[in-house]
Amino acid sequence: MRELAPQYDPKEVEDKIYKIWEKSGYLNPDNLPSKNKKPFTITVPPPNITGSLHIGHALNATIQDIIIRKKRMEGFKTLWLPGTDHAGIATQNVVEKELKKEGLTRHDIGKDKLIEKIWQWKEKYGDTILNQFKKLGSSMDWSRVRFTMDKEYQEAVKTAFFHYYEKGLIYRAERVINWCQRCATSLSDLELEYKEADSNLWFIKYPLVKNSEPKIQNTKEEYIIVATTRPETMLGDTAVAVNPKDERYKHLVGRNLLLPIQNREIPIIADEKIEIEFGTGAVKVTPAHDLLDADIGERHKLPILKVIGQNGRMTDGAGKICEGLKISECRKKVVEELQKLNLIDKIEPYKHSIARCYRCNTIIEALPSMQWFLKMDELAKKAMESVKSGKVKFHPKRWEKIYFDWLNNIKDWTISRQIWWGHRIPVFYPNEKQEKIRNPKSEIRNKSEIYVGNSPPKNYTQSDDVLDTWFSSALWPLATLGWPDKTEDLKNFYPTQVLSTARDIINLWVSRMIFSGVELAGKEPFEDIIIHATILTKEGKRMSKSLGTGIDPMDLIEKYGADATRFGLIWQQMGGQDIHWAEEHVIAGKKFCNKLWNSTRFVLMRNGEKEHDNLKPKALTDADKHILAVFEKAKKDANKYIEKYEFGQALHILYDFYWHEFCDIYIENSKKQTENDKIIENTRILLAHILSESLKLMHPFIPYITEQLWEVLPIKKKDLLIVEGWPAK
RNA sequence: GCGCCCGUAGCUCAGUGGUAGAGCGCUUCGUUGACAUCGAAGAGGCCCGAAGUUCAAUCCUUCGCGGGCGCACCA
């Protein structure tokens, strides 16, 4: 037996214990004892290679580790598969920022060189997070680390693309899409963040054109006033719309207006979608640069006139005086011109939300662009069915509403991106058509001129587009296990059992994994989805790196130890509620570890070096009976709560039992009992029994200290605690 | 606008149809061999407001107020 120091020092224990786990091989399911038969799998939500571990990751990793460790002790063949995501736009942006420090842009060095730089960056920093997971004590299988740009993973992505393409679910079309001018790429709706901003509502007069047809009466009105937050887009207006029920305008529908500045005639049309109450009830319609207007335009077969280009400047369509101007400049210019013409009725201050890029915060423009889309109707139905049937369950259940809401209103998914870092779309065009392809106006309509597949004919060149990062993330549980190859791992570990993640990617990621799994492998990728708490500041605000309100879990580990950090995180994870972060609970965790340490010292001192091989205590005294009874209850309740994924509750129970029942009461009683020769032996066995069983129950929560204490317990024939039998079964 | 979550001790949060609990903090006492990262004792709460259901509500229902979040095409 080894002497225990009078205080617990995490620094002396953690790294040493982690190495023991790694060396034991038990992190890899293939090396687990033969009793561990039935597979149990979690694939970690792959963090972006750009990131470092934040407090939310730490909570999530701890939750998954608790589940995995418990299952491993219960005798499952557990696989917790680690990995990282290439995170297309995010990563490219980070590396571009690095370039900028040298005064370079990506265009200066070119595509190949940029991609090379990103790979270098990945080699250097990409494993940061994985090492931080280790520090936390995560019992992941390091022999199976995956990356979404691994060679095999790229094959999986292509296979998925071909599958959808052959099924006719993938198509290319010119549509009005979200465009980030800084990233120079399209974005899906989910990649936007709306932020409120102060702006104006401009009220502009559009003069009515006198009508020569006798059937249509000319009226007293000389103009219609439209209200807009974006005066510059008027240059691309192709109609003005009013609600058909609006009495003010009913008689004007069908008449023409003269679009100021451009001096084009545009019709007045009627559309149900127009709110009578808002503004003047008359809306300028710019099909090229507004998603709603694009819908209206389609319904009324309006021409689409592009006035804003992908570079964020006005196109020739905007007319001579505005061509080449930035959007903001053009706005000023247009307002100025309108004022000259005396066509501004009034300007009112107005607050509204503006879409911004979720990666770089640039204002998003809607504009027509040739992109690849994935048809969503059929896939969305499958995804909904998986949850409706109960094959996949959300915990807490309320989150399924977010899921259904999105799937019920789904639009086709824009899967192509114009960035450089990512999975190239496996589509090839004949070389002589390259120019045409880059120019959306002359899209190749003839399908036979496109090659989709693995071995393109000579003189064909691959498309420059890459896939949305989430297209590959959607394959995570499949591709990491070897799909589409029928590997042993795929057979053993797919479908997985649990997915634990943050609520903000329920649709971005979770729903897409579900339909991908069902569509491509015929099985839902997991059974239970845990949506864990979001950690906010004590004041209830979002943590933010730039505001310095974030918390680095590594600092906590450094200060209090990994077990205390895990304890603090889980202590606060109650009922799926958001956590208003309070560090004192980590301090409580540190104190608890020390209590555990010292109570173990006590038991060892009382029991001496004698090794037990059979800890079957009897209940001889009232104190004995009491402690055994409350222990049974604590064990049962803790187990129940872990199974319901209510980890905070489970931890509270174990804490209360251990400190207040075992230490405060039983240990105190045992001091007297060990003075009585008749019961001294049984008391010692009972002490050792409760201690060792408690260590097992607490191991998933605070793995390092429990493994360390287990090591010094005088018990015969023991393996590492990480594979000891779970007591509550 | 619609929806979701929350409002209990100074702080972070549990909890129950029969007038409340933990951790941290605070006060007083205590260094008897597990632990002062401790032990003992204690102060501290019209359980957001109003109405309703009930013998009885902090807990159920409705409506407010306050805080947070998500969704939405309000130009």
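Residue numbers start from 1 in every chain, and the chains themselves are labelled A, B, ... in the order their sequence lines are given, proteins ahead of strands.
If you take CD1 on Ile266(A) and CG on Asn256(A), they are separated by 8.5 Å, rounding to the nearest 0.5 Å. Atoms CZ and OG1, on Phe373(A) and Thr414(A) in that order, are 4.5 Å from each other to the nearest 0.5 Å.
The side chain of Lys541(A) contributes an N or O atom lying less than 4.0 Å from OP1 or OP2 of rG68(B).
If you take atom P in rC59(B) and the same atom in rA20(B), they sit 14 Å apart, rounded to whole Å. To the nearest whole angstrom, the two P atoms, one in rG45(B) and one in rG10(B), are 7 Å apart. For the C1' atoms, the distance linking rG67(B) with rC48(B) amounts to 11 Å, nearest Å. Here, rG64(B) and rG70(B) have their P atoms 24 Å apart, quoted to the whole Å. Only the P atoms considered, rA14(B) is 9 Å distant from rC6(B), to the nearest whole Å. Comparing the same atom, C1', in rU58(B) and in rU32(B) gives a spacing of 44 Å after rounding to whole Å. Across rA9(B) and rC46(B), the matching C1' atoms stand 14 Å from one another, rounded to whole Å. Taking atom C1' on both nucleotides, rU62(B) is separated from rU53(B) by 11 Å, rounded to a whole Å.
Under the Watson-Crick and G-U wobble criteria, each requiring two contacts below 3.5 Å, nucleotide rC59(B) is left unpaired. In this entry rA43(B) has no Watson-Crick or G-U wobble partner, no candidate having both defining distances under 3.5 Å. Judged by Watson-Crick or G-U wobble contacts below 3.5 Å, the nucleotide rU37(B) has no partner. Across all strands shown, rC69(B) is found opposite rG3(B) as a Watson-Crick or G-U wobble partner, with both distances under 3.5 Å. A 3.5 Å limit on both hydrogen-bonding distances identifies rC13(B) as the Watson-Crick or G-U partner of rG21(B).
Not one N or O on the side chain of Arg230(A) forms a donor-acceptor pair closer than 3.5 Å with the backbone of Arg331(A). Of the possible polar contacts, one joining the Arg512(A) side chain to the Leu508(A) backbone as a donor-acceptor pair under 3.5 Å is found.
Contacts of Lys332(A) classified as side-chain contact (heavy atoms from CB on, under 4.5 Å), with partners at least two apart in sequence or in another chain: none. Taking the side-chain contact (heavy atoms from CB on, under 4.5 Å) definition, one finds that Gln577(A) meets it with Arg398(A), sequence neighbours left out. With sequence neighbours excluded, no residue forms a salt bridge (charged side-chain N to carboxylate O under 4.0 Å, His left out) with Asp412(A). When the side chain to side chain donor-acceptor pair (under 3.5 Å) test is applied to His689(A), no partner is found at least two apart in sequence or on another chain. With sequence neighbours excluded, the residues that form a side-chain contact (heavy atoms from CB on, under 4.5 Å) with Glu539(A) are Thr537(A), Lys541(A). In this structure Ala239(A) satisfies the side-chain contact (heavy atoms from CB on, under 4.5 Å) test together with Pro267(A), Ile269(A), Val285(A), Leu302(A), sequence neighbours excluded. His352(A) meets the side chain to side chain donor-acceptor pair (under 3.5 Å) test with no other residue; sequence neighbours excluded.
A parallel orientation is assigned to the rings of Trp571(A) and His652(A), their planes being inclined by less than 30° (bins at 30° and 60°). The aromatic rings of Tyr666(A) and Phe662(A) lie parallel to each other, their planes meeting at an angle below 30°, with 60° marking the opposite boundary.
Using a 4.0 Å heavy-atom cutoff across all strands shown, Glu583(A) reaches no nucleic acid atom at all. Counting any heavy atom pair closer than 4.0 Å across all strands shown, Ile296(A) reaches no nucleic acid atom. Residue Cys663(A) is in base contact, counting any heavy-atom pair closer than 4.0 Å across all strands shown.
Among the nucleotides rU12(B), rG68(B), rC38(B), the one closest to the side chain of Leu536(A) is rG68(B). Closest to the side chain of His580(A), out of rC13(B), rG39(B), rG23(B), is rC13(B). For Glu584(A), the listed nucleotide lying nearest its side chain is rU12(B); candidates were rA34(B), rU12(B), rG39(B).
Here the C1' atom of nucleotide rA14(B) and the NE2 atom of His585(A) are 10 Å apart, to the nearest Å. For the pair Gln7(A) CD and rA36(B) P, the computed distance is 7 Å after rounding to whole Å. Per the geometry, CG belonging to Asp664(A) stands 14 Å off C1' belonging to rA41(B), to the nearest Å. Rounded to an integer number of Å, the gap from OH of Tyr8(A) to P of rC35(B) is 19 Å. For the pair Trp581(A) CH2 and rG23(B) C1', the interatomic distance rounds to 13 Å; values are reported in whole Å. Separating the CZ atom of Arg601(A) from the C1' atom of rC38(B) is a distance of 12 Å, rounded to the nearest angstrom. When the C1' atom of rA34(B) is taken as reference, atom CZ of Phe602(A) falls 6 Å away, rounded to whole Å. Atoms NZ (Lys590(A)) and P (rG23(B)) sit 19 Å apart, rounded to a whole Å.
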Table of protein N/O atoms under 3.5 Å from nucleotides 70-75 of chain B N/O atoms:
from	atom 1	to	atom 2	distance (Å)
rC73(B)	N4	Lys273(A)	NZ	3.4
rA75(B)	OP2	Tyr350(A)	OH	2.4
rA75(B)	N6	Glu275(A)	O	2.6
rA75(B)	N6	Phe278(A)	O	3.3
rA75(B)	N1	Glu275(A)	N	3.3

Which atom pairs link the protein and nucleotides 4-6 of chain B when you take only N or O atoms and keep those under 3.5 Å?
from	atom 1	to	atom 2	distance (Å)
rC5(B)	O3'	Gln577(A)	OE1	3.3
rC5(B)	O2'	Gln577(A)	OE1	3.2

Just the table, please: protein N/O against nucleotides 26-29 of chain B N/O, every pair under 3.5 Å.
none

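Among Glu583(A), Lys591(A), Lys590(A), the single residue meeting the side chain to side chain donor-acceptor pair (under 3.5 Å) criterion with Tyr560(A) is Glu583(A).
The stretch residues 646-661 of chain A comes close to RNA chain B through Gln649(A), Tyr655(A), Trp659(A), His660(A), each having a heavy atom under 4.0 Å from the strand.
The existence of a salt bridge linking Glu247(A) and Lys250(A) is confirmed by a sub-4.0 Å separation between a basic side-chain nitrogen and an acidic carboxylate oxygen.
Each side-chain hydrogen bond (donor to acceptor under 3.5 Å, both in side chains) pair with one or both residues in residues 288-305 of chain A, not counting sequence neighbours, appears once here: Asp271(A)-Arg299(A), Asp271(A)-His300(A).
If you check distances only, the side chain of Glu668(A) does reach the base of rA34(B) with a donor-acceptor pair under 3.5 Å.
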